[in-house]
There are 2 protein chains.
Amino acid sequence: MKIEEEIKQKQFKSEYHKAMVNIIFTYNWLIKNQVEVLEPYGITLQQFNILRILRGQYPKPSTIKLIKERMLDRMSDCSRIVEKLRAKKLVERHLCVKDRRNVDVLITKKGLALLKKLDKIFEKSDKNLIALSDKELKTFNKLLDKLRRKNLKIKNRDYLNTADRLNNSTHKRQLNHKHLYNFF
Amino acid sequence: MKIEEEIKQKQFKSEYHKAMVNIIFTYNWLIKNQVEVLEPYGITLQQFNILRILRGQYPKPSTIKLIKERMLDRMSDCSRIVEKLRAKKLVERHLCVKDRRNVDVLITKKGLALLKKLDKIFEKSDKNLIALSDKELKTFNKLLDKLRRKNLKIKNRDYLNTADRLNNSTHKRQLNHKHLYNFF
DNA sequence: CGTAAATATATGTTATAACAGTATAAGTTA
DNA sequence: TAACTTATACTGTTATAACATATATTTACG
């Protein structure tokens with residue numbers, strides 16, 4: 001549906017402006033779908049994404065640090081999310097003997113089985129979700145990549161570890177917008 | 001920058017999958033910029049958007065209901081955000097005499113002045129942000145509109161008022177993803 | 001070796017998103 | 001007009017995002 005109808009706005013002041021709204025609207029539309037699919041299975045989007053990261057490493061365990069990096073996000077709550085997954089018996093945690101600062105996180109059989117089930121669900125729901133042909137998808141991806149040519153002053157990567165974070169204290173709590181997930 | 005480099009992933013299993021990640025990544029990239037621009041001015045993105053909605057109606061006042069609708073979101077915290085704006089003297093609140101259930105919210109001179117300043121800032125920062133030509137923007141918007149052809153089972157609009165919300169209690173707290181803003 | 005620096009994770013704190021529920025006013029109908 | 005329904009806004013609650021700090025371990029360096 002055209003974005004103008006979706007949000008009941010007669011017209012935008014420019015194609016540029018329309019593109020901004022369109023990205024935001026489409027993002028919400030997309031996330032909403034994912035969340036609704038996950039809801040009956042009792043896990044959140046964040047938990048789901050961590051499970052997929054763990055599967056990506058399986059049978060190798062992942063440290064909290066590795067998970068954080070894959071989430072491409074500051075994700076200070078990573079420890080706590082992993083703890084919730086552990087409470088559901090979807091992951092195991094072991095102290096790493098080589099470097100006792102690390103915690104090895106491993107997805108369990110139960111976790112793998114859940115992902116397998118969800119794969120099928122998503123395959124079905126996703127197939128009809130993004131309604132573009134393969135050729136259109138390519139154009140679309142190219143445009144998105146080009147769109148972001150200009151780098152932001154503060155890059156995501158600057159915040160990947162505590163040290164960097166502490167060196168930059170110019171900003172206060174304002175970033176209420178965390179959904180930088182890594183799908184794979 | 002290509003999305004593969006941005007998130008250090010060698011390749012995606014499909015263009016479809018890449019598009020999903022790309023939308024999410026681009027959204028975060030966009031919001032991050034907005035938030036950083038607003039930060040020095042001491043208002044959040046949500047507050048900023050409500051101010052713009054109020055300016056859109058000015059000199060007419062807006063009810064909380066109207067603001068909620070324009071936000072295109074459940075936005076149960078609307079009252080509280082307006083209260084914060086009032087504390088900063090950016091808006092005024094008056095009891096509506098015609099219908100005493102309503103609260104008339106009006107942007108103040110100070111609020112208008114702040115928006116005017118921010119307009120200039122954003123014009124500068126935005127100009128270089130989305131790096132697409134006008135023709136590319138048109139193609140891009142067309143693709144985004146087409147992308148969403150398939151409607152989600154649960155539409156946003158179903159949640160615009162309390163009555164509708166109460167009639168649908170099939171879901172629990174899961175929707176941690178609110179950034180459906182209305183820019184104008 | 002001893003001390004400082006760096007690293008990895010866990011925990012504490014505050015604001016707020018996402019609900020649910022309540023209070024008040026207006027509209028509707030018997 | 002009373003009784004019921006709907007509409008509008010406000011308030012309460014819980015989980016968590018976005019920090020900041022603390023603790024434990026390893027590495028680096030004099």
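Chain letters run A, B, ... following the sequence lines, proteins first, then strands; residues in each count from 1. This is a predicted model, so every value here is computed, not measured.
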- Length of the NZ-P vector between Lys68(B) and dA17(C), whole Å: 13 Å
- For the pair Thr26(A) (side chain) and Leu144(B) (backbone), establish whether a donor and an acceptor sit closer than 3.5 Å, ignoring hydrogens and angles. no
- Task: Considering only NZ, NE, NH1 and NH2 on the basic side and carboxylate oxygens on the acidic side, decide whether Glu136(B) and Lys146(A) come within less than 4.0 Å.
- Result: yes
- Can you tell me how far C1' of dT8(D) sits from CD of Glu69(B), to the nearest Å? 11 Å
- Output the single nucleotide from dA9(D), dT11(C), dG12(D) whose closest atom is nearest the side chain of Ser79(A). dT11(C)
- Atom CG of Asp99(A) to atom C1' of dA24(D): distance rounded to whole Å? 11 Å
- Message: When you measure from the side-chain N and O atoms of Arg101(B) to the phosphate of dA9(D), is any distance below 4.0 Å, counting only OP1 and OP2?
- Response: no
- Item | Arg86(B) with Glu83(B): basic N within carboxylate O range, under 4.0 Å | yes
- Query: Roughly, in whole Å, what's the span from CD1 in Ile64(B) to C1' in dA9(D)?
  - Reply: 7 Å
- Message: From the set dA9(D), dC19(D), dA25(C), return the single nucleotide nearest to any side-chain atom of Arg80(A).
- Response: dC19(D)
- Could you state the CD-C1' distance from Gln47(A) to dT16(D), rounded to the nearest angstrom? 11 Å
- Message: Without decimals, in angstroms, what is the distance between Lys65(A) NZ and dA6(C) P?
- Response: 15 Å
- Message: Quick check for you: among dA17(D), dA17(C), dT26(D), whose closest atom lies nearest to any side-chain atom of Asp77(B)?
- Response: dA17(C)
- Item | Short side-chain N/O contact from Asn102(B) to OP1 or OP2 of dA7(D), under 4.0 Å | no
- Task: Please state whether the phosphate of dT16(C), meaning OP1 or OP2, lies under 4.0 angstrom from any side-chain nitrogen or oxygen of Lys84(B).
- Result: yes
- Calculate the interatomic distance between Ile81(A) atom CD1 and dT16(D) atom P; express it in whole Å. 8 Å
- Item | Short N-O contact, Asp77(B) and Arg80(B), less than 4.0 angstrom | yes
- Return the 5'-most residue of the pair Arg100(A), Asp104(B) with respect to DNA chain D, ranking by each residue's nearest nucleotide. Asp104(B)
- Note on the structure: Separation of dG12(C) atom P from Glu83(A) atom CD, nearest Å, is 14 Å
- State whether Arg55(A) and Asp119(A) are salt-bridged, where the test is any N-O pair (Lys NZ or Arg NE/NH1/NH2 against Asp/Glu carboxylate O) under 4.0 Å. yes
